[in-house]
J.: 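The structure's right below; bear with me while I get my questions together.
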Amino acid sequence: MSGESDLRKLLSAMRPELNDGLYVFCTIPGDTDPEALAGLTPVASILEPEGLTLVLGQEEADEAGFPYEYTAGWITLRVHSSLDAVGLTAAFATELGVHGLSCNVIAGYHHDHLFVAADRAAEAVAVLEALAARSAEG
């Protein structure tokens, strides 16, 4: 199933959904004992020259003893966006920015996932829903 690439359709069908829980970004140095990572269930990971970044549920990071600086709410845009769609990230990031909301975006094969400050996550969903409604109107 291929994803949607028409920007207006993407925006009007975003259906932002706030996932349960709190999420954190942890950086794991390259010399970390692999045993320390056993059994973890990260939402996402990316390997950078400085180390491995894991996005974990806050409770899981706390149990593993991993430090973090940022606690986020996780919003999934339920529209199936094409990986080569143009403008979606720019549109929602701009709208969130107008409201003073930062977001960290991770694209999965089917959906975009936004990590926003935990204490403003419900507000971010409302901003995205308003953008979707405006986009549906024309």
Side-chain angles (χ1 to χ4, degrees):
M1 172 163 71
S2 62
E4 181 61 58
S5 59
D6 179 271
L7 181 57
R8 183 164 175 238
K9 290 178 183 176
L10 286 167
L11 290 170
S12 64
M14 281 191 296
R15 296 186 332 271
E17 180 179 294
L18 182 59
N19 295 282
D20 290 334
L22 298 173
Y23 297 86
V24 298
F25 287 67
C26 302
T27 184
I28 312 302
D31 62 353
T32 300
D33 180 359
E35 291 291 319
L37 305 178
L40 294 178
T41 54
V43 170
S45 65
I46 187 163
L47 183 59
E48 301 175 292
E50 299 85 357
L52 176 65
T53 297
L54 298 177
V55 180
L56 295 167
Q58 183 181 25
E59 288 181 15
E60 188 171 23
D62 288 344
E63 288 172 13
F66 295 145
Y68 51 86
E69 298 175 6
Y70 177 73
T71 304
W74 170 21
I75 299 168
T76 299
L77 301 184
R78 301 307 307 167
V79 65
H80 180 183
S81 56
S82 173
L83 288 169
D84 64 357
V86 175
L88 177 61
T89 302
F92 68 67
T94 298
E95 188 68 16
L96 290 169
V98 165
H99 291 86
L101 291 155
S102 69
C103 71
N104 295 279
V105 182
I106 299 173
Y109 183 84
H110 293 99
H111 306 286
D112 289 289
H113 304 273
L114 290 62
F115 294 86
V116 300
D119 61 344
R120 297 189 69 194
E123 179 185 356
V125 169
V127 167
L128 295 169
E129 287 173 339
L131 174 60
R134 285 194 318 273
S135 298
E137 292 170 0

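Computed from a prediction, not measured in an experiment: that's the story for all the values here. All residue numbers refer to positions in the sequence shown, counting from 1.
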J.: Applying the side chain to side chain contact (heavy atoms under 4.5 Å, CB included) test to L54, which of I46, V43, L40 qualifies?
T.: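 Testing L54 for a side chain to side chain contact (heavy atoms under 4.5 Å, CB included) against I46, V43, L40 leaves exactly one candidate, L40.
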
J.: Give, for atom NE2 of H80 and atom OG of S2, the distance between the pair rounded to the nearest 0.5 Å.
T.: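 One gets 7.0 Å once the value is rounded to the nearest 0.5 Å.
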
J.: First locate atom NE2 of H110, then atom CG of L83, and finally report the distance between them rounded to the nearest 0.5 Å.
T.: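 With rounding to 0.5 Å, NE2 (H110) is 9.5 Å from CG (L83).
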
J.: What's the shortest heavy-atom distance between R8 and E137, and which atoms?
T.: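 Scanning both residues completely, I find the closest heavy atoms to be NH2-C, 3.9 Å.
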
J.: I need the I75 CD1 to N19 CG distance, nearest 0.5 Å.
T.: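 Going from CD1 on I75 over to CG on N19, the span is 9.0 Å.
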
J.: Should the heavy atoms of other residues, nucleotides or ligands under 6.0 Å from CD of E35 be counted, would the total exceed 12?
T.: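 Not buried by this count: 12 neighbours or fewer within 6.0 Å.
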
J.: Determine the minimum heavy-atom distance between L88 and S81, stating which atoms define it.
T.: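 Minimum heavy-atom contact is CD2-CB, 4.0 Å.
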
J.: Are any side-chain N or O atoms of R15 and backbone N or O atoms of R78, one a donor and one an acceptor, separated by less than 3.5 Å?
T.: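 Flag set: sc R15 to bb R78 pair under 3.5 Å.
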
J.: Scan V116, L18, L77 and name whichever one has a side chain to side chain contact (heavy atoms under 4.5 Å, CB included) with L128.
T.: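 Result: among V116, L18, L77, L77 is the only option passing the side chain to side chain contact (heavy atoms under 4.5 Å, CB included) with L128.
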
J.: For the pair F66 and V24, evaluate side chain to side chain contact (heavy atoms under 4.5 Å, CB included) and give the outcome as yes or no after the intermediate values.
T.: CA-CA 10 Å; F66 295 145; V24 298; over 6 Å; no

J.: Quick one: SG on C26 to CD on Q58, what's the gap to the nearest 0.5 Å?
T.: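 The SG atom of C26 sits 9.5 Å away from the CD atom of Q58.
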
J.: In Å, rounded to the nearest 0.5 Å, how long is the span from CG of L10 to OG of S135?
T.: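 L10 atom CG to S135 atom OG measures 10.0 Å (nearest 0.5 Å).
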
J.: Please check if the number of heavy atoms outside E59 that lie under 6.0 Å from its CD is greater than 12.
T.: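 Incorrect, the count does not exceed 12.
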
J.: Please report the shortest heavy-atom distance between S5 and A85, naming the atom on each side.
T.: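 Where S5 meets A85 most closely, the heavy atoms are CA-CB, 3.9 Å.
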
J.: For the pair E17 and H111, evaluate side chain to side chain contact (heavy atoms under 4.5 Å, CB included) and give the outcome as yes or no after the intermediate values.
T.: CA-CA 11 Å; E17 180 179 294; H111 306 286; over 6 Å; no

J.: Of all heavy-atom pairs between P42 and L56, which one has the smallest distance, and what is that distance?
T.: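 Residues P42 and L56, closest heavy atoms: CA-CD2, 3.6 Å.
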
J.: On the 0 to 90° scale, with breaks at 30° and 60°, tag the F115-F25 ring pair as parallel, tilted or perpendicular.
T.: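 Taking F25 first and then F115, their aromatic rings stand perpendicular (interplane angle over 60°).
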
J.: To the nearest 0.5 Å, how far apart are SG in C103 and CD in E95?
T.: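 Interatomic distance, C103 SG to E95 CD, rounded to 0.5 Å: 11.5 Å.
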
J.: Parallel, tilted or perpendicular: which describes the rings of Y23 and W74, with under 30° parallel and over 60° perpendicular?
T.: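 Perpendicular: the ring planes of Y23 and W74 meet at over 60°.
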
J.: Say whether V55 and L37 are linked into one hydrophobic cluster, either directly or through other cluster members, by side-chain heavy-atom distances under 4.5 angstrom.
T.: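 In one cluster: no.
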
J.: For Y68 and D62: C-alpha separation, side-chain torsions, deciding distance, then whether side chain to side chain contact (heavy atoms under 4.5 Å, CB included) applies.
T.: CA-CA 9 Å; Y68 51 86; D62 288 344; 2.7 Å; yes

J.: Are L131 and V98 linked, directly or through intermediate hydrophobic residues, by side-chain heavy-atom contacts shorter than 4.5 Å (ILVMFWY only)?
T.: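 No, it is not one cluster - the side chains of V98 and L131 are not joined through contacts under 4.5 Å.
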
J.: Do I106 and L96 land in one hydrophobic cluster if side-chain heavy atoms of ILVMFWY residues count as linked below 4.5 Å?
T.: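 Each belongs to a different hydrophobic cluster.
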
J.: Return the minimal non-hydrogen interatomic distance between G100 and R120, and the atom names on each side.
T.: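 Of all heavy-atom pairs spanning G100 and R120, the closest is O-NH1, 2.8 Å.
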
J.: May I ask you to check whether over 12 heavy atoms, not counting those of E48, lie within 6.0 Å of atom CD?
T.: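 Enclosed.
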
J.: Is there a side-chain hydrogen bond (donor to acceptor under 3.5 Å, both in side chains) between D112 and T89 once you walk through the steps?
T.: CA-CA 9 Å; D112 289 289; T89 302; 4.7 Å; no

